[in-house]
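Chain letters run A, B, ... following the sequence lines, proteins first and then strands; every chain starts at 1.
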Protein chains: 2
Amino acid sequence: MSVSIRDVARVAGVSVATVSRALGNGPVSDALRAQVEAAVKATGYHPNLSARRLRSQRSGTIGLVVADIRNPFFTAVAHAAEDAAYRAGLRLILCNTEEDPAREAIYLGLMQEERVSGLLFAPTRLTQKELPRQRFAYPVVLIDRTGPNSAHDSVTLDNHAAMGALIDHLVEQGYRRIGGLFGKTSNTGVERRNGYLAGMLAHGLTPDYREVAPSAVAAHAEATQWLARGDRPEALVTSNSLLMTGAMKAAREAGLRIPEQLALAGFDNESWTELVEPGITVIEQPVEEIGRTAMNLLLERLQNPALPVRKLVLGGRCIVRGSTQARASMAGVA
Amino acid sequence: MSVSIRDVARVAGVSVATVSRALGNGPVSDALRAQVEAAVKATGYHPNLSARRLRSQRSGTIGLVVADIRNPFFTAVAHAAEDAAYRAGLRLILCNTEEDPAREAIYLGLMQEERVSGLLFAPTRLTQKELPRQRFAYPVVLIDRTGPNSAHDSVTLDNHAAMGALIDHLVEQGYRRIGGLFGKTSNTGVERRNGYLAGMLAHGLTPDYREVAPSAVAAHAEATQWLARGDRPEALVTSNSLLMTGAMKAAREAGLRIPEQLALAGFDNESWTELVEPGITVIEQPVEEIGRTAMNLLLERLQNPALPVRKLVLGGRCIVRGSTQARASMAGVA
DNA sequence: CTGAAAGCGCTTACAG
DNA sequence: CTGAAAGCGCTTACAG
């Protein structure tokens, strides 16, 4: 069927062991190495990775299990992580859990079956709570989502502070009735909600929030209903860009002028948040750095398993745009 | 180290062969099957996929090699393909070529080393031209990008017709000076450009187009320069959503009112194209169907290698929004 | 530096 | 239905 290392050895007139060494930078004389390389070219040989992995007991593979690759945050993180893996000579296996704990369990098992060297994981809230009771055959670095009692390395945003900054900004702009729309399947959503609650409390304001599935569709449905009420908020913060898409669509359909009738602020500096009018005020996450750093933490852990648990918390950057500046511009005019 | 099938056999008091059969739906008595299942649970056994693949000579894996996972089109296609693979009990390996032929060659080799059962591939123009001269150890289904002399199954959009529809629409709205911004690394960009040229010719109009790398950054740079010229177009079509993002940003920065001073139309019905004001007129691609259908073509090909080459061409749907309706609304008012 | 041989963890004819 | 044995394609001590 497929050409194997034996075929190469025969063509090169050397032993299988020598071919293996020549391919793996082992100690081989220049003469034999040249013969092997010629034979590889002549036969079109490609090593069988399954055999190599089985024999060497090294998969050279990292798993990346995220909630939803269609969320641009995860797309960007995955891209950065793959780049880092590629540079380190490792392969990356990407899996989508769709925020479903059952699928998470399946994929975690699959990672074990693939004998991955390590795992980057953005768990749902349910699974994350179970993490301390789970045993993993490989080191795990949590991305975007962790918890206080987690014993795993992690790279997350300072969600509490970031949401606090958004609330402070809105209050400074004169908004008081600030509503929140949060994803309910991740601890990130919870942390951002807590930051919202703390911020509202600090300013002596009454919280008013909803928790939904982290999708544009769910946010759209919830916001449509909410914005139709007499007591609708004058400003709305969301915990990710998918929710913002849904909320903004609902606002448009309700005929609400932004920011005069409804201010909007959220997370992730997607291109479109700058293109809509007014632009959306967002917390920009260092997405590339999150992916790259997570991979680095994992590689270091693989090098040295005795390392203490490291939880890296990165700061977001608040980008103020027109969607939160109704009052300020009015104040400026007055 | 890790628990193997031998450990399970020992615990269950049966042979290794029986464990293997019990796990693989082979003929095993109910009694022994129960013993095996108990032993699997007791030991926490997970089969080693490398060993299984090596021995069975079946990888149970499909490769998906795309240009850029950050392009929402590919994100959506990948999502649909993974879903279809998952349903068929297959794994999906996802790779990003970054539109780089060198990386494509590397990943094609990697697919061979992984002994994938088949490949879904969106090649660059360069690589696509070489396809007829290449030998593959696995069946290949081209996604989004193919060519007239391709001997591979494919699922693509009717790019020529879709772009034609866009031009017809613009002309109907009264636009004459219609510029085009096309990605130059893919045959899809070429086909859309050809559709543009044919459309302009059919209406007796003079084409004016630029070809750029398929990224928002490249489009932004090109459009910024273009739109500053005295002979800038009154309407601009782009060949994908990344280019649209860059073009629209440039238009905004140039202070051009859309659609009065510049009409815009392009591809891919991303959420944000509806949220900007005015909304962007786009060709919606059946992204889910493209991914799902490509996987189905591949599965059928695996079942029956003798099947004739099948090139599936899907139609796009033109969604008209405000970005192309300056003249019409004026006409309507007049 | 080089080769013969063992063995990674499975599956699958082959007997019974 | 069940087990003993061969072997998938590699890598890696072990000798020399």
Are any protein N/O atoms closer than 3.5 Å to N/O atoms in nucleotides 14-16 of chain C? If there are, list each pair with its distance.
none

Short side-chain N/O contact from Ser20(A) to OP1 or OP2 of dT11(D), under 4.0 Å:
yes
Look at Gln57(B) and dG9(D) and indicate whether a side-chain polar atom (N or O) is within less than 4.0 Å of OP1 or OP2.
yes
It should be established whether Ser50(B) places a side-chain nitrogen or oxygen under 4.0 Å from OP1 or OP2 of nucleotide dC8(C).
no
Counterpart base for dC14(C), defined by Watson-Crick or G-U wobble contacts under 3.5 Å
dG3(D)
If the cut-off is 4.0 Å, is Arg58(A) near the phosphate of dT12(D), judged by side-chain N/O to OP1 or OP2?
yes
Please determine whether a side-chain nitrogen or oxygen atom of Thr18(B) lies at a distance below 4.0 Å from atom OP1 or OP2 of dC1(D).
no
Report the C-alpha distance between Ile93(B) and Ile62(B) in whole Å, list the side-chain angles of each, state the deciding distance to 0.1 Å, and finish with yes or no for side chain to side chain contact (heavy atoms under 4.5 Å, CB included).
CA-CA 6 Å; Ile93(B) 298 185; Ile62(B) 301 293; over 6 Å; no
Gln35(A) CD to dT2(C) P, in whole Å, measures 9 Å
Grab the CG-C1' distance between Leu23(A) and dT11(D) for me, whole Å please.
12 Å
How close or far is atom C1' of dC10(C) from atom NE2 of His46(B), stated in whole angstroms?
16 Å
Distance check: side-chain N/O of Arg52(A) vs OP1/OP2 of dT11(D), anything under 4.0 Å?
yes
Return whichever of Arg55(A) or Ser29(A) has its heavy-atom-nearest nucleotide of DNA chain C closer to the 5' end.
Ser29(A)
Sugar-phosphate only, base, or nothing, as touched by Leu32(B) at under 4.0 Å among non-hydrogen atoms:
sugar-phosphate
Glu113(B) atom CD is separated from dT11(D) atom C1', nearest whole Å, by 15 Å
How close or far is atom C1' of dC10(D) from atom CZ of Arg115(B), stated in whole angstroms?
11 Å
Between Arg10(B) (CZ) and dG3(D) (P), how many Å, whole number?
15 Å
Any sub-3.5 Å donor-acceptor pair from Arg125(A)'s side-chain atoms to Lys184(A)'s backbone N or O?
yes
Could you state the atom-to-atom distance from CZ of Arg53(A) to P of dT11(D) in whole Å?
12 Å
Strictly below 4.0 Å: does Ser15(B) bring a side-chain N or O up to OP1 or OP2 of dG3(D)?
yes
